[in-house]
Amino acid sequence: MGGTRVFGEPIPRREDPRLLTGQGRYLDDLGRDALAAAFVRSPHAHARILDIDVTDALDVDGLVAIYTWEDLPGRVAEPLPLLIPHPSLTHGRTAYPLARDVVRHVGEPVAMVVARDRYLAEDAASRIRVDYDPLPAVVGIEEAARAEHLVHDDVPGNVGAVLEQRTGDVDAAIEAAPHVLEFRLDIERSASMPLEGRGVYARWDADDGSLRVYSSTQASTSVRAAIAAKLGLPPGKVEVIAPDVGGGFGVKIVHPWPEEILVPWAARLLDREVKWTEDRREHFVAAAHERGQVQHVRVGFDDEGRVLGLDVRILHDHGAYTPYGVIIPIVTSTQLLGPYKIGAYRAEVVSLYTNTVIVTPYRGAGRPQGVFCMERTMDRIADHLGRDRAAVREVNLIRPDEFPYDQGLTFQDGRPLIYDSGDYPALLARIKELIGWDSFEEERARAAAEGRRIGIGLGCYVEGTGVGPYEGGHVEIDTSGRVHVATGLTSQGQGHETVFAQIAAAELGVPVEDVRVTTGDTRRFGYAVGTFASRAAVMSGNAIALAARKVREKALRIAAEALEADPRDLEITDGVVHVKGDPSAAVPLRTVAVLSNPLRYAFDEEAQRATQFAVGGDATEPPLRGEEPGLEGRDYYSPVRSTFAAGMHAAIVETDPDTAEVRILRYAVVHDCGRLINPRIVEGQIHGGVAQGIGGALYERMVYDESGQLLNASFMDFLMPYATEIPRIETAHLETPSPLNPLGIKGAGEAGVIPVSAVIASAVEDAEGIRVHSMPLSPDDLYRLRRRAERDESLRTRSGARAARERAT
């Protein structure tokens, strides 16, 4: 392509200097003079609203407005959209922007207050008196399944959806298998907890009837569509911009949140700027959680450990409402299979309502639960057969010559679950080498001699990435030679400004320093889907590449006319178009940009070169022939189906014999996301994901009491790992390009978090010799497991002694 090679280079992130020096522009940096919104939120998990008395709040100086559901007009008053319908979602339910008659979780918004500033808004909100009639709360998966009480009166059994995926005759396969195991696994709730919570700032322009909204979102174009639909505005009259976003991890993919409708509606109604930013307690009780599942596993296998039949029945907690449908159960049921060939398979998911915060995707989005199930199953098989855990995985792996591999299921994009490329045996061999799997027993013996308990664990996964339906890209070269790239999806710290610039620079043959990237601004790019499911590089990256190729083709065509050469004889190097082998016959891209736009007026020195008189040309031909002016191109990438990245993690842990604390001594990752655009950024994604996974494995849990109160709704009690809890992470990469897209890339954003709970559980179990069936695993949990194991051993000893006495008599 010419120019400096930038695709695949580990260049530093271009956005970091701005962000690290405090030059970022986040939602709360905007709207300093805007009115402030605050919300009255339910203190009850389940209750009828009998009365809302705002009398005392009216005395607050600076109060502008108070709204309840009865004040909302037309479509604003309707329930929020059910974003992803699905045939299995037979009883989908969504919330009203403000609770209508019943609240169904602590934190559900009941009233909105708008005042001169946030302090006054909070003061007024605290004076509003809501009379509730408490109802029985349904808390926890098993209570929901018993259905002694209902979250929604019109949803029998609290069952929102029943989803089944299957291949083959599972019952027959398991019945015929030489070995059969049955067991239960549990994963508790956690949550994303980005450093920046949600936030919305809106201003209405009454003169031309337009609305500009800034939102800390992962889906600015989708928020625009929702606001336009709810407020009855033409989409062209609504602009939504995602400024710098301090983390998302899935919680900001919901579109719209109630506040994203209510704040713009109030801004238009009041003809004033209105802003709301979420405080940390609000984020705990009014945003979204994930992960909670109970899994019942039945597996049949042969003497080598090959899985002949696998039957998994899952109870999934989706909280009080289902705005995001059943994407998480779909992903769990399909990604559970990992890199393995399973003889026959059935997954049945029952998705249940509870009186708790809604459940929507959180980094990994159903995959950590599925991988926990599959990898714990592999460990159980190995233990039952007395075989090496890695060897059992090896005999089940899909081989490189079997790609594309059809698992016979339907993925979250509605397309067949067909793995596009990979080399899973190579991944396994590399992770064993990286962690020192085959020599670990020597290390264990040395530790035991020092009185230390250590264990090793392994986890494998496949991650569906780059889900459709599409993303777009726009590329423009201006008359100074700068390249402007725009795409509709948003950024929350993934390094998009860097990797998209690398793609454009590589395609155009320009220095990466000359490329500027804009994301998440509907003014610059109006059609997009959003940032989630490890899709940004695959989707927008390929769209930008296709758009850049259009620009390159046009640039070569215009330059060929100027140089009186054949376009096929030209190339672009460092922003200059020249004849191959003859750098002296050249024209800079900035000049090509000038020539692409024939002008009448010379308003600067560069423009003088593009006027009608300067350009001249054939007087019998029009100055602009068969194309638009300017050196720019737009294109879209729409995949036939998802790409599938893969990886394997391994860890060595030490468990304290007295305190039951778990310390991770080493952590290793081998990952395959196809061609690497920027290895440094991929490693950063993996490191951040592993840190988040360690949080989910050892620290993070949402603790509800029986009345539906979240007992640890602050960072005082919700534990997250510090840097001191994160080990050095050793990484290696395998590149098996995807045949499905022009760049051969796969996603990487969620890879680090997916198998961590499975890996840590495996390593702790190996260190302790105790079954680990539930995550997260706190020191208290491990202590109880030890005591239970001691009691069980004591019972077995007494039983054995009694049997021996009976035989003797």
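Not measured: the values here are computed from a predicted model.
- Between Arg291 and Asp186, none of the side-chain N atoms (NZ, or NE/NH1/NH2) sits under 4.0 Å from a carboxylate O, so this pair counts as no salt bridge.
- Using modelled atom types and a 3.5 Å distance limit, the side chains of Ser738 and Ser421 yield no donor-acceptor pair.
- A 6.0 Å sphere centred on CG of Leu711 holds more than 12 heavy atoms belonging to other residues, nucleotides or ligands.
- With respect to the salt-bridge test (charged N to carboxylate O, under 4.0 angstrom), the residues Asp413 and Arg641 do not qualify.
- Counting only N and O atoms by type, the side chains of Thr736 and Lys746 include a donor and acceptor under 3.5 Å apart.
- Listed here is the closest heavy atom pair of Arg376 and Leu185: CB-CD1, 3.9 Å.
- With no hydrogens or angles considered, a side-chain donor-acceptor pair links Ser534 and Glu463 at under 3.5 Å.
- Using a 4.0 Å cut-off between charged side-chain N and carboxylate O, Arg771 and Asp383 make a salt bridge.
- No side-chain donor from either of Glu402 and Tyr424 sits under 3.5 Å from a side-chain acceptor of the other.
- A salt bridge does not link Arg399 with Asp423: none of the charged nitrogens is closer than 4.0 Å to a carboxylate oxygen.
- Between Glu290 and Arg363 no salt bridge is recorded (no basic side-chain N to carboxylate O distance below 4.0 Å).
- Gln492 and Gln494 share a side-chain donor-acceptor pair at under 3.5 Å.
- For the pair Arg701 and Tyr699, the cation-pi criterion (under 6.0 Å, within 45° of the ring axis) is not fulfilled.
- Ion pairing of Glu348 with Arg166 is absent here, as no side-chain N (NZ or NE/NH1/NH2) approaches a carboxylate O to less than 4.0 Å.
- Of the N and O atoms on the side chains of Arg104 and Thr356, not one donor lies less than 3.5 Å from an acceptor on the other residue.
- Taking a cutoff of 4.0 Å between a charged side-chain nitrogen and a carboxylate oxygen, Glu471 and Arg535 qualify as a salt bridge.
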Exercise. Let me see the working for His105 and Tyr321 under side chain to side chain contact (heavy atoms under 4.5 Å, CB included), right down to the final yes or no.
Key: CA-CA 10 Å; His105 67 86; Tyr321 303 104; 4.1 Å; yes

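- A donor-acceptor pair under 3.5 Å links the side-chain atoms of Ser778 to the main chain of Asp781, judged by distance alone.
- Taking the six-membered ring where tryptophan is involved, the planes of Tyr405 and Tyr419 are tilted, since the angle between them lies from 30° to 60°.
- With hydrogens and angles left out, the side-chain atoms of Thr332 and Gln369 include no donor and acceptor closer than 3.5 Å.
- In this structure, His384 and Phe301 have perpendicular ring planes: the angle between them is above 60°, well past the 30° mark.
- In this structure, Phe284 has its ring center under 6.0 Å from that of Phe718.
- When only modelled atom types and interatomic distance are considered, His649 and Tyr667 share a side-chain donor-acceptor pair under 3.5 Å.
- A distance of 6.0 Å or more separates the ring centres of Tyr353 and His91.
- Phe183 and His773 have their aromatic ring centers separated by at least 6.0 angstrom.
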Quiz item: Run the side chain to side chain contact (heavy atoms under 4.5 Å, CB included) check on Arg184 and Val294 step by step: do they pass?
Solution: CA-CA 7 Å; Arg184 169 180 163 158; Val294 173; 3.7 Å; yes

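- A distance below 6.0 Å separates the ring centres of Phe411 and Phe644.
- Judged purely by atom type and a 3.5 angstrom limit, Ser491 has no side-chain atom pairing as donor or acceptor with the backbone of Gly493.
- Considering Val350, Asn158, Thr354, Leu315 as possible partners of Ile141, the one that fulfils the side chain to side chain contact (heavy atoms under 4.5 Å, CB included) test is Leu315.
- Other residues, nucleotides and ligands place no more than 12 heavy atoms under 6.0 Å from the CD atom of Glu175.
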Exercise. Determine, stepwise, if the pair His733 / Val682 fulfils side chain to side chain contact (heavy atoms under 4.5 Å, CB included).
Key: CA-CA 10 Å; His733 299 281; Val682 172; 3.7 Å; yes

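- If you check the side chains of Arg389 and Ser762, you find a donor sitting under 3.5 Å from an acceptor.
- Contact check for Arg298 versus Asp171: side-chain heavy atoms found under the 4.5 Å cut-off.
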Quiz item: Going through the distances and angles, do Leu409 and Leu337 end up as a side chain to side chain contact (heavy atoms under 4.5 Å, CB included)?
Solution: CA-CA 10 Å; Leu409 306 175; Leu337 295 174; 3.4 Å; yes

